[in-house]
Amino acid sequence: MTRYALSAAYLLALYAFIFLPVLVLVAFSFQDGRFPVPPLRGLTLRWHAEVLADPRLMAGLRNSLVVGLGSSLVALTLGFLAARGLALSELRSARVLRAAITAPISVSYLVIGLGLLATLNMAGLGLSLWTVAVGHVVINTPLCFAICAAAIGPAQAQAERAARDLGAGELRIMALVTAPMIAPALIAAFLLSFTFSWDEFIIAFLLSRFDLTLPVEIWSLLRSGLNPKTNAVGSLVFLVSALALLAYELGARRR
Amino acid sequence: MTRYALSAAYLLALYAFIFLPVLVLVAFSFQDGRFPVPPLRGLTLRWHAEVLADPRLMAGLRNSLVVGLGSSLVALTLGFLAARGLALSELRSARVLRAAITAPISVSYLVIGLGLLATLNMAGLGLSLWTVAVGHVVINTPLCFAICAAAIGPAQAQAERAARDLGAGELRIMALVTAPMIAPALIAAFLLSFTFSWDEFIIAFLLSRFDLTLPVEIWSLLRSGLNPKTNAVGSLVFLVSALALLAYELGARRR
Amino acid sequence: MTARIEIGGMTKLYGAASALDAVSLTVEAGEYCVLLGPSGCGKTTLLNIIGGFADPDEGSLRIGGRDMVGVPAAKRPTTTVFQDYALFPHMSLLDNVGFGLRMRGVAKSARHARAREMLTLVGLTGADGKRPSELSGGQRQRVALARALAVEPDVLLLDEPLGALDLNLRRAMQEELKGIQRRVGATFVHVTHDQEEAMAIADRIVVMQGGRIEDQGPPERVYREPATRFVASFLGETNFLPARVEAGRLVTPLGDLGSTTAAEGAALTLSVRPEHIGPGAAGDLPGPCAVIETVFQGVHRKVTVRPDRAPDMILRALLPVGQDARPGDRIDLALDPDHLTILPGGDK
Amino acid sequence: MTARIEIGGMTKLYGAASALDAVSLTVEAGEYCVLLGPSGCGKTTLLNIIGGFADPDEGSLRIGGRDMVGVPAAKRPTTTVFQDYALFPHMSLLDNVGFGLRMRGVAKSARHARAREMLTLVGLTGADGKRPSELSGGQRQRVALARALAVEPDVLLLDEPLGALDLNLRRAMQEELKGIQRRVGATFVHVTHDQEEAMAIADRIVVMQGGRIEDQGPPERVYREPATRFVASFLGETNFLPARVEAGRLVTPLGDLGSTTAAEGAALTLSVRPEHIGPGAAGDLPGPCAVIETVFQGVHRKVTVRPDRAPDMILRALLPVGQDARPGDRIDLALDPDHLTILPGGDK
C-alpha cells in the first residue's frame, strides 16, 4: 500500500511540475491590474477583450488557422500515401526508406527554416503565408507518415488482400478499407500536425514578411514586456491547442 | 509493375521535397563568396572556420549541449518512472492519468514558455541556463513518458511478475528487468528529447538572459541577414541532430 | 523440497461476481494436481492465490503447514511457470535460469553450476549462452520450467504451461512434465482447459466450474464415474439419456436399462460415452438406428444416429473402422449397461 | 458454381529453396480437397497460387478449363477464407458479407438480401448490424465464410480456417464446413496441419512434404495404406518395424509376421498403428512385454512397452481402459497382421 502512496505522490508532483506554468499563465490573464504577478487583485475580462479587439492579433489568428489546417491536410495526404505504399511493398529496402522519411522528425526546425529560406532566396521566390505553409508541410509530413506507418500493420494488409480477392481496385481499397480502418490514426496525425503548426515560431518567423502567424505577432507583443494582455493571448493559444486535444480524445480514442 | 513505378516516383518526389532545404543549406555553407546563392563560386571551409572561431557561438554550443544532455536525462528519468508506475497499476483511472501526462505534448512551446516566465517572475527567480533547462524538462517529460509508456506492455508486466515471483524487490526489478527490456525505447526517448532541446528556440529565448543557447545565438546572428556563415552554423546544428539520429539507428534499432 | 497445500473456504469476488466460491481443497505433498475447467471457472484465480499474485477475500491457505495469506509471492515456497513463459529476453538462458538464485544472493559460480544442471534436466544441455528469442516455443517452455525449478520450490505452479504449443508438441511435453515431476518430487499444481492433457498427466484432477469444485479424484474415476453432468460432458464426449425409476428399473426412451437401487419415481440422467455404444443386434438397446453423419477419426469411425425406438434422440457412437457406415444407412447398435453413469436430476 | 482444378508441373522457388517442386494435382469439381502437411511443406504456397496471390515459376493452372496463370486474384472464380479471417472491422456484418457484390456493382437492396441469405446459411441470422469485434472467434470464422461464398465462387480456398479456434469449437465447425460445402456445391480446397481435421472433413486428402505430394486419396485409404513412411507417421501415431523378406516370409525382430509377395531379400519397413496391437497371449507376437509408460486417454489407455523378443524396440499399443497396466507391469500383447502396411526401404 505504501508503494501506491509513493506512486501517487510522485505522479501528483509531476503533474504540478508540468501543468503549473500553464495554470499561472491562464490565472494571471484575468488579473485586474497592469502586472501579471501576485497578489491577484481581482478578476477582469478586460485583457481578453483587448486581445479580441486587436486587429493585428486577430489577423495573426486567422493566418495561423489557415496555415495550420491547410498544411496539415497536405501533410496528412502525403504522409498517408507514402506510409501505405511502403507498408504494403515487399521491398527489402522498405525499412531503410521508412527510416529516411521518419528521420527529419528529429531535424531542427531552425535548420529547416534556414534551409528553406536559402532555397527560396536561390529560387528567387518571395516570402508569404504560402512559404510558411510549405515549411509546415515539410516538418509535418514525416510526423504524419510516422503515425500512419505505425497504424498500418498486418491487419490492414490482410484486409486489403481480402478486398482485392473480392474484386476491389486500388482506389476503392484505399477509400473503403485502409483509410477507414486507420481513421483514429488519421485524426490523431491531423490534429497533432495542426497543433505543431499552430505553435510553430521559428519557421514562421523566418519565412513570412507581411502576413504574420499568431506566434510571430505574440513575439512582437512580447518586446514590450510581460503583461496581462500577453497572458491573455497565450491563454487563447492554449485554448485552441486544448480544443484540438479534446477533439482527439473524442474522435480518435473513442473509436 | 506500373503500380510500383508510380509509388517509386511518388516517394522520390517526397524525398526531394523534404530534404531539399537541408541540402541547399549545407551546400551553400561551402560557398566561396559573401552570398549563399547560386552560382556556386567555389568551395571553401572559411565560413566553418569562422563559426568555430566565434567565441559566442562556441559558448552557445556548449550551453546547448549541457542543457540538452542534462534536461533530457532528467526528463527521461521522470518519464520512465511515471510510465512504469502507470503501466503496472491496475487503476481504472490509469487511462485518464496517462492521457493527462501525454496531453502537454500538443501544448504550445510558446504557451509553456510564457507560463514559465510568468511563474518565475511570480516566484522572483532570475533567468539563467537553469531556467532554460527546467523549461526543456517540462516539454520533454511528456514525450519521454509517452515513448516509455508505449514500450511498457504486457511482456514487461509478465517479466516483472516472474522476477517478483523469483524474489526480486522493486529496485532490482526496475534495474535488471524493466529498464533493460525497454532499452531501445529509453535510448530513443533520450535522443529525441535531446534533439528537441538542441533545436528549441522560443523557450530558450524567453527564459535566458546572459548565457544563451545556440539557437538563440543564431537568431541574433540572423539579424545581419543570411550569409554563408549562417549556413555554416546551421550545418553544424544539423550535424549534431544527424549524429543523434545515427546513434539512434545504431543503438536503438539494432537491439 | 515438497509440501502439502491446504485451502479452506476460499472465496474471491470480482465486483459482484465470485471467481471462487468457498473452495476447499487439499493437495498432498508430491502430488501432480491438475485444475481443469473452462475459461472463467476460477482455476487461474485459485492458482494466483496459491502463488501470491492475488489475495483471497475469505478463506485460509497453508503450504507445508505455514499460513500464507498476506505473504508476498517472493517469500512463498512456490514458483510459477507462466502461460507465456515470461522469460527475460535480454538475458542468456544461464542468467534466466539463475535469476532466482541471484536474488537469493547465491554466488555466480554456484548459480551457474545449478543453472546448467537445470538446463540439463529439461533437455537443453549446452544452450547456456543463447537468448530466449533464439529458441522454439517448446524450448522456451523448458527454460521457464528450469527457471522456476532452479530455486527448489516446494510447490511448482503451472498456468496453462502447454497452451501455446501445437498439438503434437503438447502431447510430447506432457509426458516429459510428468517425468520431471517424478524426479524433482515437488508438488505440482497445473492449470489447463484441455481434458486430454489433464487425464494424461494428473494424479488428481480437480474439475472446476463457476468458482466451485465439481469433482475431484484420480483421472479414471472422474472420467468413468463423473459426479455431475458438467463433469461428464467436459471430460469427453458423452450421451445423456433421461431416465425414470419404475419398479426398481431404469426406464429410458430407449427402453429398460436394468435394475437400480435409486429411489422409486426419481427423474435421473444417464451418461453413456460413445465408446460404450457399439455394433449390436436388432434386439439390443438402442437397436436399429438411422445414420445421420459419420466422421472418420483414424482409430474409430464416429457415427451420429437417430434410434428408431426414440426418434427424437440423437446418439453418438464409436464404430471400429472396419465397419462401414454412411449417412442414410441403417445399423444396429448396442449400449453397454456396465458403463452407465447415473446422475441426479432429469433432462435440463 | 463449381469447377475442376488442374495443376501441372507447378514449381515455385523462394531464393534457392523450392516451396513447390513440380507438383501435379487434379481436384474434381465439387470435391472437398484438404492439403495436409507440416508447416513449410508448400501447402499454403499452393493455395496462394490457386487464389492468385503468388505466381508460379513454372507449371500450369487451369480452373474450369480456363488458364489462370497471370490472372489477378480479383478476376479469378475463386475466393479465400483467410486464416485470420481478415474481416473489415469498420463495417457491419451485412457490409462485410456484401462487399464482393458491391465491387461487382450489385445494387444495395439485392446485395443486402443476398448477404442476409449467406448469414443465415452460416447460422448468423439476425446479426446483420453487428461489427466483427462483437463476435466470438467461431462467429468471425462464419462471417469470413459467408463473405467468401456470397459472390458464388466456383472454388473456395480455405487457409487453416479453423486454426484460431479452440479444440472443441474446431471439431464442431469442421462438421459444419462439410455440411455447407455439400449445400453450395463449390469445390473446396482447405489447407491444414491438423490430421484429425483432414480425416474428418476431406473427400480427398493430399499429404505434402518438402514441396512435393507424398500421397493423395480418400482419408481411409491414406490412413490405412499410407504410401510412405512420412504419411504413415503424420496421419496418426504408428510403430515402425524393420523387416526382411526371407523365403517369402516377413521376418522382423519380433519374429515371423506371415507370407509376402515382396522381392526376396528386400529390406522393408512395416507400419503398425497402436490400435492394431492389443491384449494377447504369451505365444502371440510380440507376446510378453515390459510396460514403460502408460497414459490414460479416456477411451483407451496408451501403453509404451519393450517387447522381450526385441528389447531394443519400443512399441506403443492401445489397451481397453478396463485393463489396468502400470509402469513396471508385464503384459502379453498381440499384433493384428491384417493391418500391417508394408513400406519400401529399411530402417532409416
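All chains are named by letter (A, B, ...) in the order of the sequence lines, taking the proteins before the strands, and each is independently numbered beginning at 1. Excluded from the calculations below are hydrogen atoms, water molecules and symmetry mates; all remaining heavy atoms, backbone and side chain alike, are included.
Scanning both residues, A:Val177 and D:His90, for their nearest heavy atoms gives O-CE1, 3.8 Å. Residues A:Gln158 and D:Asp84 come closest through the heavy atom pair CG-OD2, 3.2 Å. For the pair A:Gly167 and D:Ala74, the tightest heavy-atom approach, listed with the atom from each and the gap, is CA-CB, 3.6 Å. Residues A:Ala159 and D:Phe88 come closest through the heavy atom pair O-CE2, 3.3 Å. Summarising the geometry of A:Asp165 relative to D:Thr78, their closest heavy-atom pair is OD1-O, 3.8 Å, with the distance given to 0.1 Å. D:Met103 approaches A:Leu166 most closely through the heavy-atom pair CB-O, 3.6 Å.
When the candidates A:Ala162, A:Pro154, A:Gly169 are compared by the number of heavy-atom contacts under 4.5 Å with chain D, A:Ala162 comes out ahead. Residue with the most contacts toward chain A among D:Arg102, D:Arg76, D:Met91: D:Arg102 (heavy-atom pairs, distance under 4.5 Å).
D:Arg104 CZ: more than 12 foreign heavy atoms inside a 6.0 Å radius. A 6.0 Å sphere centred on CD of D:Glu134 holds more than 12 heavy atoms belonging to other residues, nucleotides or ligands. More than 12 heavy-atom neighbours from other residues, nucleotides or ligands sit within 6.0 angstrom of CG on A:Leu12. When the shell of 6.0 Å around NZ of D:Lys130 is examined, it contains 12 or fewer heavy atoms from other residues, nucleotides or ligands.
For the pair A:Arg161 and D:Phe82, the cation-pi criterion (under 6.0 Å, within 45° of the ring axis) is not fulfilled.
Of the atoms belonging to A:Ala155, not a single heavy atom falls under 4.5 Å from chain D. When heavy atoms are compared at a cutoff of 4.5 Å, D:Arg147 approaches chain A by way of both its backbone and its side chain.
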